[in-house]
Colleague: 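Here it is, the structure in full.
Both counts, for ligands and for their atoms, begin at 1 and track the order of listing. Bear in mind that the values here come from a model prediction, so they are computed numbers and not experimental data.
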Amino acid sequence: MSSIAVCPGSFDPITYGHLDIIRRGAKVFDMVYVSVMNNSSKNPLFTVEERMNLIKEVTKDLPNVKVDEHSGLLVEYAKAVNANAIIRGLRAVSDFEYEMQITSMNRVLNDEIETFFIMTNSQYSFLSSSIVKEVSKYNGNISELVPPIVEMALNKKFNR
Ligand code: ADP
C-alpha cells in the first residue's frame, strides 16, 4: 500500500516554513497533496489560484508533490484522494492546542486517517504568512522568509 498524505493549509502565501514541512513530508510519504483550503474564514490576500500557482512553482523539483485545493471537510477530501495521512507543521508550543483540537475532531470524523506533525527547522519557528504579509506591506526585507517568486508576488500585491 502506498502512503499518501495531505498537507492542508491557507498558504496565503507559501513561506520557507511551509516549504520545509512539505519537503520533509515528501521524503517520508510516497505522495503528498499540498491542498489550499478554500473554506477559510480568514480574509485572504491571494486567490486560491494564485496561491496554488506559487506552491506549484516552488515545489516543481519535488516529483511526488501535487498541488490541489479543497473546500469542506478535510477528512472527506483526504478520502477522495485516497490519503491515509494528514501532515501538519508545528512551530511552537502555541500551535499545539489548536492542532490537538483539530486532530481530535478529524479523528472523530474519520479514525482511519492519521495526523502526523512535523517540527519545523528552528530558523522558521517564528515564521507565518501573516508576519510575512505585514513585513512586506511596509517594504521590509522578506528575502530570507519566502522564495523569490513569492516576494515578487507580494510586491505586486502591494503595488511595487
Ligand atoms: P492554517 O490556516 O491551516 O493554519 P497555514 O497556511 O497557516 O494554514 O499553515 C498550514 C500548515 O503549515 C500548518 O500545519 C502550520 O502549522 C504549518 N506552518 C505554517 N508556518 C509554518 C512554519 N513557519 N514552520 C512550520 N510549519 C508551518
Colleague: Counting only heavy atoms, which portion of Ser128 has something under 4.0 Å from ligand 1: side chain, backbone, both, or neither?
Modeller: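 Neither part.
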
Colleague: Under the side-chain hydrogen bond (donor to acceptor under 3.5 Å, both in side chains) rule, collect the residues that match up with Asp61, sequence neighbours excluded.
Modeller: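 Listed in chain order: Arg23.
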
Colleague: NZ of Lys66: more than 12 outside heavy atoms within 6.0 angstrom?
Modeller: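 No - once you tally the heavy atoms of other residues, nucleotides and ligands closer than 6.0 Å, there are 12 at most.
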
Colleague: Could you say whether the N/O atoms of Asp95 and ligand 1 ever approach to under 3.5 Å?
Modeller: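 No, since none of the N or O atoms of Asp95 sits under 3.5 Å from an N or O of ligand 1.
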
Colleague: For the 3.5 Å polar cut-off, considering only N or O atoms, please tell me whether Gly89 and ligand 1 meet it.
Modeller: yes

Colleague: Is it the case that the side chain of Thr15 and the backbone of Ser129 share a donor-acceptor pair, with hydrogens and angles ignored and the cut-off at 3.5 Å?
Modeller: no

Colleague: Could you check whether any side-chain heavy atom of Phe116 comes within less than 4.5 Å of a side-chain heavy atom of Arg88, counting everything from C-beta outward?
Modeller: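 Side-chain contact under 4.5 Å: no.
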
Colleague: Which residue from Arg24, Arg88, Arg51 reaches closest to atom 4 (O) of ligand 1 through any of its heavy atoms?
Modeller: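 Closest candidate by heavy-atom distance is Arg88.
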
Colleague: Do Ser129 and ligand 1 have an N or O pair less than 3.5 Å apart?
Modeller: no

Colleague: Strictly by modelled atom types, are Asp68 and Tyr77 linked by a side-chain donor-acceptor pair under 3.5 Å?
Modeller: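 Tyr77 and Asp68 do have a side-chain donor-acceptor pair below 3.5 Å.
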
Colleague: With a 4.0 Å cut-off on heavy atoms, does Met37 reach ligand 1?
Modeller: yes

Colleague: Distance check, rounded to the nearest 0.5 Å: Leu74 atom CG versus Met105 atom CE?
Modeller: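 Between Leu74 CG and Met105 CE, I get 12.5 Å after rounding to 0.5 Å.
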
Colleague: Is there a polar contact, in the sense of an N or O pair closer than 3.5 Å, between Ser10 and ligand 1?
Modeller: yes

Colleague: If only atom types and distance count, is the side chain of Thr59 paired as donor or acceptor with the main-chain N or O of Ile55 below 3.5 Å?
Modeller: yes

Colleague: Before signing off on this row, confirm whether Tyr124 and ligand 1 have an N or O atom pair separated by under 3.5 Å.
Modeller: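 By distance alone, the answer is yes.
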
Colleague: Quick check: Leu127 and ligand 1, any N/O pair under 3.5 Å apart?
Modeller: yes

Colleague: Ignoring hydrogens and geometry beyond distance, is a side-chain donor-acceptor pair present between Asp12 and Ser10 at under 3.5 Å?
Modeller: no

Colleague: Is any N or O atom of Phe11, backbone or side chain, closer than 3.5 Å to an N or O atom of ligand 1?
Modeller: yes

Colleague: Decide whether an N or O pair under 3.5 Å exists between Thr15 and ligand 1.
Modeller: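 No; the residue has no nitrogen or oxygen that sits under 3.5 Å from a nitrogen or oxygen of the ligand.
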
Colleague: Could you tell me whether ligand 1 has any atom less than 4.0 Å away from a heavy atom of Ser130?
Modeller: no

